[in-house]
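Beneath this line is the structure, given in C-alpha cells, with notes to follow.
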Amino acid sequence: MKRNSARDEYVKQALRALVAFVGLDAVKTALADIEGAAARSTTRRSDRPAAVPLPKAIVDLQQNDPERFAILRPFFERIGAGELLRQSEDVRRFAEELGVKQLSSKRRRDLVAQITPTLATFPIHELAALLHRAESISEEERVQGYSVLTDRILRRP
Amino acid sequence: MATSISLINMKGGVGKTTLATQLAWYATYYRDKKVLLVDLDPQANASQSVMGPQRYVKWLDSGKPTVVDIFEEFTPTGSANASPKKVDPKEAIFQRVHYNDGSLLDLVPSRLELSWSLRNPAGKESLLARFLAKVENEYDVIFIDCAPTDSMLTDAAYLCSRYILVPMKAEFLAAIGFPLLSRSIAAFKLRHENHALDVAGLVFNDVRDNRESRHAIADVKVNAQKYGWHIFQRMVQHSDSYPRSAREGMSINETKGTWSTTKSQFNEFAEEFFVRVGV
C-alpha cells in the first residue's frame with residue numbers, strides 16, 4: 001500500500017514535470033494514444049506470471065504440520081496467483097534469503113519448486129519475517145534503486 | 001586464516017569494483033567460500049551494488065558503522081557520527097547472503113565520508129588491519145576494493161593484504177597506472193620489510209577486440225617481461241551485462257540475459273586467479 005502511494009506520487013511528479021515541459025495538450029494526446037494501444041493489445045504473456053499450483057510438499061503439511069501449512073498455504077497461493085515473487089528474478093532473490101544456491105532453471109515455476117523443500121522445513125519461528133521479506137522483492141523495488149540513492153546522497157527526505 | 005586480496009590501480013574506471021564484487025560472488029557461489037568484501041572507496045559503489053540501494057540507504061540511515069568508523073574509531077571528534085566510538089566488528093559487517101552449505105558473502109560498507117579520513121590520515125593506516133584481525137578467522141577470503149588513489153587508504157589496504165590484483169584496461173593511459181602502482185608498492189615494502197605482499201598479477205578487464213586494445217596489451221606484455229610482472233592469461237571481455245549485474249547486485253553468472261561466453265570467460269579468469277593465490 002505504502003509502495004503504491006509512493007509510486008503514485010512519483011508518477012504525479014513526473015507528469016507535472018512533463019506538462020511543464022511540453023504542455024497539457026501534448027501530454028493528453030500522448031496518454032490517449034497509450035491508452036488506446038493498451039486497450040487494443042491483449043496482456044503480454046510476460047506480464048502475466050504463469051500459474052503455479054500448490055506444491056505437493058506444502059499440501060502434505062496439512063496432515064503433518066498444520067501450523068506450518070496455515071502459514072505457507074496463503075503464501076504459495078499468492079505466488080500461484082502471481083501476486084508475489086512475480087518474476088524468476090524475484091524467486092532467485094528470495095532463494096538467497098532462504099540460503100538456497102545453485103538454482104537450475106530459468107522458469108519461475110521450476111524455481112518455486114526448488115525453494116519449496118527449504119520452506120517446508122524452515123524454522124517456523126522465523127517464517128513470518130522471511131515471508132514478509134518476500135513482499136518487498138519486486139521489479140518495482142529494483143528499478144527505484146537509482147532514485148533511492150540519489151535522494152539519499154542529495155539528502156532529500 | 002583468510003587470504004586477503006586488494007584490488008588496486010591508481011587509474012579510475014578500470015573495473016576494480018566490478019572484479020572485486022564478481023570475484024567475491026564467484027568464491028561464494030562456486031567455490032563455496034566464506035567471503036568478506038571490504039569497500040575501501042568513498043564512492044561506495046561496491047556497497048551500493050552488493051547491498052542494493054534500499055538496504056544500503058537503510059544501513060546509513062540507521063547509523064550503523066561503516067568503514068569510516070573503523071578509521072575514525074580513535075578520533076576524538078569522530079566523523080560519521082561526530083563522536084569516537086569503539087567499532088564492534090559484528091555491527092560493521094553486513095550479511096549479504098549466508099547459504100545453507102556454509103558459504104557466505106559479507107560486506108564492510110563504505111560511505112562518502114571516508115574521504116574525510118584522508119584529510120587527517122596520520123596513524124590511521126593500521127586501523128583496518130587491526131579490525132580485520134578480529135574477524136579474519138571467520139572467512140576464507142577477504143577482498144578489498146580500493147579507491148583509485150595513492151593515499152592512507154592504499155597503505156591501509158597493503159597492510160591488510162597478502163596479494164594485490166591489478167585490473168587494467170587495454171588502453172594507453174590506463175596501462176600507465178601500473179608502473180605508478182608498482183612504484184607505490186616498492187615504497188611500501190621498503191617501509192614494511194616484514195610484511196609479505198605480492199602482486200598476484202595484472203588482468204586485462206573490459207577488453208574489446210580492436211587495434212588500440214591489441215596495441216596496449218602488447219605494450220604491457222613487453223614491459224611485463226622486462227620487470228617480471230605476472231599477467232593473467234584469461235582476459236575479462238567487455239560485456240553490457242557487467243553494469244547490469246552491478247545494478248541487480250548479483251553475480252554475472254546469475255544475471256539475466258548474460259551470454260554464456262561472457263560467463264565462461266569470467267569463470268575461466270576466476271579459476272586462474274584463485275589457483276594463483278592458492279584459494
Side-chain angles (χ1 to χ4, degrees), chain A residues 2-3 6-7 10 46 85-108 111 114-123 126 129-130 132-157, chain B residues 25-35 42-63 66 94-106 109-113 115 243-251 253-258 260 263:
Chain A
K2 210 173 184 181
R3 206 166 57 237
R7 186 190 60 192
Y10 179 77
S46 59
L85 307 178
R86 289 174 54 84
Q87 300 187 5
S88 301
E89 186 59 36
D90 303 334
V91 184
R92 284 183 179 280
R93 282 176 183 271
F94 187 60
E96 284 183 355
E97 304 282 335
L98 287 166
V100 177
K101 67 156 62 159
Q102 308 284 20
L103 298 173
S104 59
S105 174
K106 290 180 179 174
R107 291 174 63 205
R108 176 174 176 266
L111 294 173
Q114 288 176 52
I115 63 170
T116 301
T118 308
L119 271 173
T121 54
F122 207 79
E126 294 173 28
L130 182 77
H132 181 69
R133 169 72 188 127
E135 300 276 351
S136 61
I137 299 176
S138 68
E139 174 73 12
E140 192 183 24
E141 184 205 25
R142 291 194 287 281
V143 298
Q144 283 175 348
Y146 180 72
S147 297
V148 168
L149 281 172
T150 305
D151 289 347
R152 180 60 176 77
I153 291 165
L154 298 178
R155 294 188 181 284
R156 279 187 52 185
Chain B
W25 274 117
Y26 189 91
T28 307
Y29 208 82
Y30 292 102
R31 287 190 152 243
D32 304 332
K33 299 295 181 193
K34 295 178 168 65
V35 180
Q43 292 187 69
N45 289 156
S47 309
Q48 291 149 4
S49 172
V50 170
M51 297 173 85
Q54 279 85 354
R55 284 183 288 198
Y56 177 64
V57 166
K58 198 172 165 189
W59 185 275
L60 297 187
D61 287 346
S62 64
T66 64
F94 171 80
Q95 299 184 347
R96 172 62 177 84
V97 62
H98 283 204
Y99 289 113
N100 295 333
D101 63 3
S103 59
L104 58 90
L105 174 56
D106 286 354
S110 183
R111 60 188 295 163
L112 188 61
E113 289 78 1
S115 54
R244 196 162 61 242
S245 71
R247 177 190 286 272
E248 298 278 330
M250 298 192 100
S251 145
N253 285 285
E254 298 300 303
T255 301
K256 201 174 163 186
T258 304
S260 57
K263 293 179 189 176

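- Between chain A and the residues B/Q48, B/E248, B/H98, the most heavy-atom pairs under 4.5 angstrom are made by B/E248.
- Between chain B and the options A/E96, A/K106, A/R92, the largest number of non-hydrogen pairs under 4.5 Å is found for A/E96.
- Heavy atoms closer than 4.5 Å to chain A are found in both the backbone and the side chain of B/Q54.
- Only the side chain of A/E97 comes within contact range of chain B, with heavy atoms under 4.5 Å apart.
- Taking a cutoff of 4.0 Å between a charged side-chain nitrogen and a carboxylate oxygen, B/K256 and A/E89 do not qualify as a salt bridge.
- At a 4.5 Å heavy-atom cutoff, B/N253 makes no contact with chain A through either its backbone or its side chain.
- Looking at B/L60, the atoms closer than 4.5 Å to chain A (heavy atoms on both sides) sit in the backbone and in the side chain alike.
- Heavy-atom contacts from other residues, nucleotides or ligands closer than 6.0 Å to CZ of B/R247 number 12 or fewer.
- Taking NZ of B/K58 as the reference point, atom CZ of A/R152 lies at 14.0 Å (rounded to 0.5 Å).
- In terms of heavy-atom proximity, B/P53 sits nearest to A/V148 at O-CG1, 4.0 Å.
- At most 12 heavy atoms of other shown residues, nucleotides or ligands fall within 6.0 angstrom of atom CD in B/Q43.
- Here the closest non-hydrogen pair linking A/V100 and B/Y99 is O-CE2, 3.6 Å.
- Contact of A/T118 with chain B is made through the side chain alone, with heavy-atom distances under 4.5 Å.
- The nearest pair of heavy atoms linking A/K101 to B/Y29 is NZ-O, 3.2 Å.
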